[in-house]
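These notes are about the structure you will find just below.
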Amino acid sequence: MPTRLAVLISGNGSNLQAILDAIRLRIIDAQVVLVVSNRKDAFGLERAQKAGVPTAYHPLKPYTDAGRSREEYDGALAEIVAAVRPDLVVLAGWMHILSNAFLNRFPFRVLNLHPALPGAFPGPDAIQDALEAFERGEIRRTGVMVHLVTNEEVDAGPVLLSEEVYIYSNDTLETLEKRIHQVEHKLIVRAIIRMMEGDE
Ligand code: GRF
């Protein structure tokens, strides 16, 4: 039976696309059973629809406007995701920090992709932060990691895979981002394979 993947996105979805392509090319025996976005305009939703994958839109704003908690938002998100019985939940550019109200529903089955090396640059501007550290002469390389999300700490948790990406003196944010995304698209598929192998 193909591994059932639920993928959470907030934007372009190029990593979702890498997963969909790997499935189409039979690199992984998996099925994306649901794509959830917190943003209606996420291009990743179009990618999912083109691939015939069911999508869900789960915005945070109605909860905050109604004075409802993050736990309520995350609990409702967990219900949406649990309904498709995922074997793995992949955070591929999901911009919200998930509370235990979500994580506790999928113990050791939530993967997060982050464009930095373990412990280096947590948060939403990891690539920019790495470039600035390089320009200050503090680092020569950054990287990408995929880790299990086992608690509410941002971009932390047991690391499944990581890969270094060297920074060049003529790099701009765009050139560095491009190289990092190319590594991400391979690493996210390899991390899913790693988790599937672990299921044997
Ligand atoms: C990736 O850089 C990912 O590591 C980060 O957000 C970005 C998502 O890119 N968390 P995409 O939406 O998959 O193209």
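Start at 1 and go down the list; that is how both ligands and their atoms are numbered. Residues take their numbers from the sequence shown, with the count starting at 1.
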- Query: Which residue supplies the protein heavy atom nearest to atom 8 (C) of ligand 1, what is that atom called, and how far is it?
  - Reply: G93 CA, 3.6 Å
- Going by the atom numbers of ligand 1, which of them fall below 4.0 Å from some non-hydrogen atom of L113? 4 (O), 10 (N)
- Nearest protein heavy atom to atom 12 (O) of ligand 1, by residue and atom, and its distance? G13 N, 2.8 Å
- Message: Would you compute the distance between atom CG of D171 and atom OG1 of T142 and round it to the nearest 0.5 angstrom?
- Response: 11.0 Å
- Give a yes/no on ligand 1: does G44 have at least one heavy atom closer than 4.0 angstrom to it? no
- Query: Just checking, any donor-acceptor pair under 3.5 angstrom between side chains of D155 and N112?
  - Reply: yes
- Item | Trace of the side chain to side chain contact (heavy atoms under 4.5 Å, CB included) decision for V189 with I27 | CA-CA 9 Å; V189 172; I27 293 166; 4.2 Å; yes
- Message: Show, in sequence, the C-alpha distance, side-chain angles and deciding distance for L8 and V110, and conclude whether the side chain to side chain contact (heavy atoms under 4.5 Å, CB included) test is met.
- Response: CA-CA 10 Å; L8 276 53; V110 180; over 6 Å; no
- Message: Please report whether ligand 1 has a polar contact with G11, defined as an N or O pair separated by less than 3.5 Å (distance criterion only).
- Response: no
- Query: Have D87 and T3 got a donor and an acceptor in their side chains that come within less than 3.5 Å?
  - Reply: no
- Message: We want to know whether S14 and H185 form a side-chain donor-acceptor pair, criterion being a heavy-atom distance below 3.5 angstrom.
- Response: yes
- Query: With a cut-off of 4.0 Å, which atoms of ligand 1 are near a heavy atom of H181?
  - Reply: 1 (C), 2 (O)
- Which of the atoms of ligand 1 are close to E184, meaning less than 4.0 Å from one of its heavy atoms? 1 (C), 2 (O), 3 (C), 4 (O)
- Query: Considering only protein heavy atoms, which is closest to atom 9 (O) of ligand 1, and at what distance to one decimal place?
  - Reply: N15 ND2, 3.7 Å
- Message: Under 4.0 Å from a heavy atom of S14: which atoms of ligand 1 are those, numbered in the order shown and with their elements?
- Response: 11 (P), 12 (O), 13 (O), 14 (O)
- Check: H96 ring centre within less than 6.0 Å of Y73 ring centre: yes
